[in-house]
Enquirer: 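For reference, the structure I am asking about is given below.
Note that the numbering runs from 1 along the sequence shown for the chain.
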Amino acid sequence: INAYSSSDLYAWRFEGLVVPAFNDTNPRYTRNGLLLERPKVVRCTARRDYVMWVRGTAPRNEPQALAVLRADAPAGPWRLVRHFRHL
């Protein structure tokens with residue numbers, strides 16, 4: 001997942017790769033890893049950090065996974081908190 005920033009939502013600056021692809025534990029899909037898509041990032045005011053939810057899919061949309069990550073800044077570094085897999 002790449003991060004971009006903008007102060008006016010018109011001009012965007014590339015911040016870098018913030019979350020690389022991660023592999024599922026199913027040996028059938030570890031060769032290429034999961035495609036990460038639909039990241040959602042929100043600021044957690046209580047903890048003063050950021051939370052990201054991201055979906056991962058393999059070929060033919062299976063297995064699907066959801067990961068939760070945390071970071072002190074939107075550009076990371078991001079730490080994996082939990083990984084859920086839908087069979």
Enquirer: Could you work out, with ring pair (Phe, Tyr, Trp, His ring centres under 6.0 Å) as the rule, every residue matching Phe14, not counting sequence neighbours?
Expert: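 By the ring pair (Phe, Tyr, Trp, His ring centres under 6.0 Å) rule, Phe14 matches Tyr4.
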
Enquirer: side-chain hydrogen bond (donor to acceptor under 3.5 Å, both in side chains) with Asn2: which residues, sequence neighbours excluded?
Expert: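 Scan of Asn2 (side-chain hydrogen bond (donor to acceptor under 3.5 Å, both in side chains), adjacent residues dropped) gives none.
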
Enquirer: Once side-chain contact (heavy atoms from CB on, under 4.5 Å) is applied, do any residues pair with Arg38, and if so which ones, sequence neighbours excluded?
Expert: Lys40, Arg55

Enquirer: For residues 71-81, which residue pairs qualify under side-chain hydrogen bond (donor to acceptor under 3.5 Å, both in side chains), counting only residues two or more places apart or in two chains?
Expert: none

Enquirer: Output all residues satisfying side-chain contact (heavy atoms from CB on, under 4.5 Å) with Ala3, sequence neighbours left out; order by chain, then residue number.
Expert: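 Ala3 satisfies side-chain contact (heavy atoms from CB on, under 4.5 Å) with Glu15, Val18 only.
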
Enquirer: Applying side-chain contact (heavy atoms from CB on, under 4.5 Å), can you list everything that pairs with Arg47, at least two apart in sequence or on another chain?
Expert: Cys44, Asp49, Arg70

Enquirer: Please report the closest heavy-atom contact between Pro39 and Ile1, naming both atoms and the distance.
Expert: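 Shortest heavy-atom separation between Pro39 and Ile1 comes out as CB-CD1, 3.9 Å.
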
Enquirer: May I ask you to test the Val51-Val68 pair for a side-chain heavy-atom distance under 4.5 Å?
Expert: yes

Enquirer: Indicate the atoms forming the closest heavy-atom contact of Ala11 with Ser6, along with that distance.
Expert: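 The pair with the smallest heavy-atom distance is O-OG, 2.8 Å.
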
Enquirer: Step by step, would you call Leu69 with Tyr50 a side-chain contact (heavy atoms from CB on, under 4.5 Å)?
Expert: CA-CA 8 Å; Leu69 303 100; Tyr50 294 84; over 6 Å; no

Enquirer: If you compare all heavy atoms of Gly76 against all heavy atoms of Ala71, which two are closest, and at what distance to 0.1 Å?
Expert: CA-CB, 4.0 Å

